[in-house]
Amino acid sequence: MTNIGLLGELTTRGLIHDTTDAAALEARLASGPIGLYVGFDPTADSLHVGHLLGQLTLRRFQMSGHRPYPLAGGATGMVGDPSGKSEERNLLDAETLQHNVDSIKKQLANLLDFTPGANAATLVNNADWTANISALEFLRDVGKHITVNQMMAKESVKNRLNSENGLSYTEFSYMLLQANDFRHLCATHNVELQMGGSDQWGNITAGIDLIRRTLGRGAFGATWPLVTRSDGQKFGKTAGGAVWLDAQRTSPYQFRQFWMQMADADVVRYLPQFSLASLEEVRALIAEHEQAPEKRTAQRSLAAEMTSLVHGTDAAHHAETAADILFGADPTTASIEALRAVASEVPMTTVSFADLDDTYALLARAGVVASNSEARRTIQQKGLKVNGKTLEEGETLASKGILHERWVLVRKGKTSYHLFEVSA
RNA sequence: GGGUCGAUGCCCGAGUGGCCAAAGGGAGCAGACUGUAACUCUGCCGGCAACGCCUACGUAGGUUCAAAUCCUGCUCGGCCCA
């Protein structure tokens, strides 16, 4: 690993799309610890799997002895990055933004080591150094050093100028704010490298230019490629929406399922990109996967690792136990402990014995289906299993028995589960 | 401000007085196949106390036995003129 260097390893893993002077960056990384930052804008109160690559990249650098600076965009989030957006964004109000920043900070803290030491991670918020700058100061200190020509050259700006949607001055200025962040972190924390997704390239190089012009020193930038899916869909989106890192929004079980159900063609690309395991281990897993893709070894391994990282090993273990029961064994023979694990991972509704008689209404109320009509349809199509047995029309949810005198396990289709807990 | 064209179900998009809960496609759901996959095939895909009823074609009215379809006002959007 050391023989190809960190940058070489990242390249091999498919994590490098572009870098400024690769040889110089490699030399700098080899010569000693470096400070680097990755920004996360608080557009929602949780990060999603799309943000995971940035967090993991910081983690990789930290594991190699470098100093990571995850940045929450309390200031830039107020403006909105036009990169990759086809139209003007709606601005968030101040309270929402603050709430989002607070929530995201916790998630950013999850994957990195903050215990004091030579390469402890430092969480920063660009609102801290941006909120109180006056417009005039900003124009003199930042605006003066970046030409509009340069800003116009940016791909996302060009696209928006040519579209009917236009581009507001606010979003146009985003690049300046991000450039200023890089300069600030460089000046105050000696951060020399900024990384981001490939759509961040223009913003990153703007920062490097600003640093050279105002601080008289060099800095580095690197981007990772856009994570794509083999079927052309957007990464991180499932039928149910985005896959969030927040357990309230996406349960650890669902999170694990996201990785488990990944396409073969994708998992061999994602494994080196996401897994923190060594390249040797990753290669071995891929080889095994290609021998017998039906075993889902690669998916299983990646799912276990990502779920542990984001939700902790206990939650990951529970999610796995639950999945084993749901997808494997006959639920009627499952132990109380096993069902408890299922109960903690699958959506659950508490009901009375009487409720169980009104099948359609109960399924609709619990959100298993959208309406009574859909419940009826699903059952007619033999799409509903109760405790592992197909429910026929006219049968009640209680007709297949109550597991351990407590639970009724409902399965719609192949992968959607719901547990009813019967209270006496 | 004037003119003109448009607004249809989750999305795109036909329909231009009765045969319209509304063609077709996409998405989604279920079944067969399978590897908790892909592909393919089949069915479903507004709601309900369901061979019927109710709600729906931007919005509020009107004409008619009958309107998504015709008329009027309004709202929003495209284009053209000022």
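Below, chain A is the first sequence line, B the second, and so on; all start at residue 1.
When Watson-Crick and G-U wobble pairs are counted only if both distances are under 3.5 Å, B:G1 pairs with B:C81. Pair check for B:C70 finds B:G62; Watson-Crick or G-U wobble, both atom distances under 3.5 Å. Searching all strands for a Watson-Crick or G-U wobble partner of B:A27 with both distances below 3.5 Å returns nothing. Across all strands shown, B:A14 forms no Watson-Crick or G-U wobble pair with both distances under 3.5 Å. Using N1 to N3 plus N6-O4 or O6-N4 for Watson-Crick, or N1-O2 and O6-N3 for G-U wobble, each under 3.5 Å, B:A49 pairs with nothing. For B:G6, the paired nucleotide is B:C76, the pair qualifying as Watson-Crick or G-U wobble because both relevant distances are below 3.5 Å.
Nucleotide B:U36 holds its C1' atom 10 Å from the CD atom of A:Q299, rounded to whole Å. Rounding to whole angstrom units, CD of residue A:E290 and P of B:G35 are separated by 19 Å. For A:Q257 and B:G35, the CD to P distance is 17 Å, given to the nearest whole Å. Whole-Å rounding puts the A:I325 CD1 to B:U36 P distance at 16 Å. In this structure, A:E294 atom CD and B:C33 atom P are separated by 18 Å, rounded to whole Å. One interatomic measurement links the two molecules: NE2 of A:H289 to P of B:U36, which rounds to 13 Å at whole-angstrom precision.
Judged by distance alone, the side chain of A:N387 and the main-chain N or O of A:G401 form a donor-acceptor pair under 3.5 Å. Looking at A:N119, its side chain never comes within 3.5 Å of a backbone N or O of A:R67 through a donor-acceptor pair. In this structure, A:Y37 contributes its side chain and A:V191 its backbone to no donor-acceptor pair below 3.5 Å. Side-chain atoms of A:R60 do not come within 3.5 Å of backbone N or O of A:Q62 as any donor-acceptor pair. With hydrogens and angles disregarded, a donor-acceptor distance shorter than 3.5 Å links the side chain of A:Q273 to the backbone of A:G14. With hydrogens and angles ignored, the 3.5 Å screen pairs a side-chain donor or acceptor of A:S344 with a backbone N or O of A:A341. A donor-acceptor pair under 3.5 Å links the side-chain atoms of A:R13 to the main chain of A:P272, judged by distance alone. The main-chain N or O of A:G74 is found under 3.5 Å from a side-chain atom of A:N125 such that the two form a donor-acceptor pair.
Shown here is A:H317, whose NE2 atom has no more than 12 heavy atoms of other residues, nucleotides or ligands within 6.0 Å.
Using C1' as the reference atom, B:G17 and B:C65 are 12 Å apart when rounded to the nearest Å. If you take atom P in B:G3 and the same atom in B:G52, they sit 48 Å apart, rounded to whole Å. For the P atoms, the distance linking B:A23 with B:C45 amounts to 11 Å, nearest Å. For the C1' atoms, the distance linking B:A21 with B:A56 amounts to 8 Å, nearest Å. Distance check on atom C1': B:C74 versus B:A66 gives 26 Å, rounded to whole Å. Comparing B:G24 with B:U34, their C1' atoms are spaced 31 Å from each other, to the whole Å. Look at the C1' atom in both B:A30 and B:C79: the space between them is 45 Å, to the nearest Å. Between B:G13 and B:G26, the two C1' atoms lie 11 Å apart (nearest whole Å).
If you check every strand for non-hydrogen atoms under 4.0 Å, A:R256 touches a base.
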Practice item. Any chance you could list the contact pattern along nucleotides 42-51 of chain B? Use B for base contacts, S for sugar-phosphate-only contacts and - for none, protein heavy atoms under 4.0 Å, 5' to 3'. Key: -BSS-SSSB-

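Nearest-nucleotide positions on RNA chain B for A:M260 and A:K412 put A:K412 closer to the 5' end.
Ionic pairing of A:E395 and A:K400 is present here: one or more N-O contacts between side-chain nitrogen and carboxylate oxygen are shorter than 4.0 angstrom.
The closest side-chain heavy-atom distance from A:F172 to A:V148 is below 4.5 Å.
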Detail all sub-3.5 Å separations between protein N/O atoms and N/O atoms belonging to nucleotides 37-40 of chain B.
| from | atom 1 | to | atom 2 | distance (Å) |
| --- | --- | --- | --- | --- |
| B:A37 | O4' | A:R296 | NH2 | 2.5 |

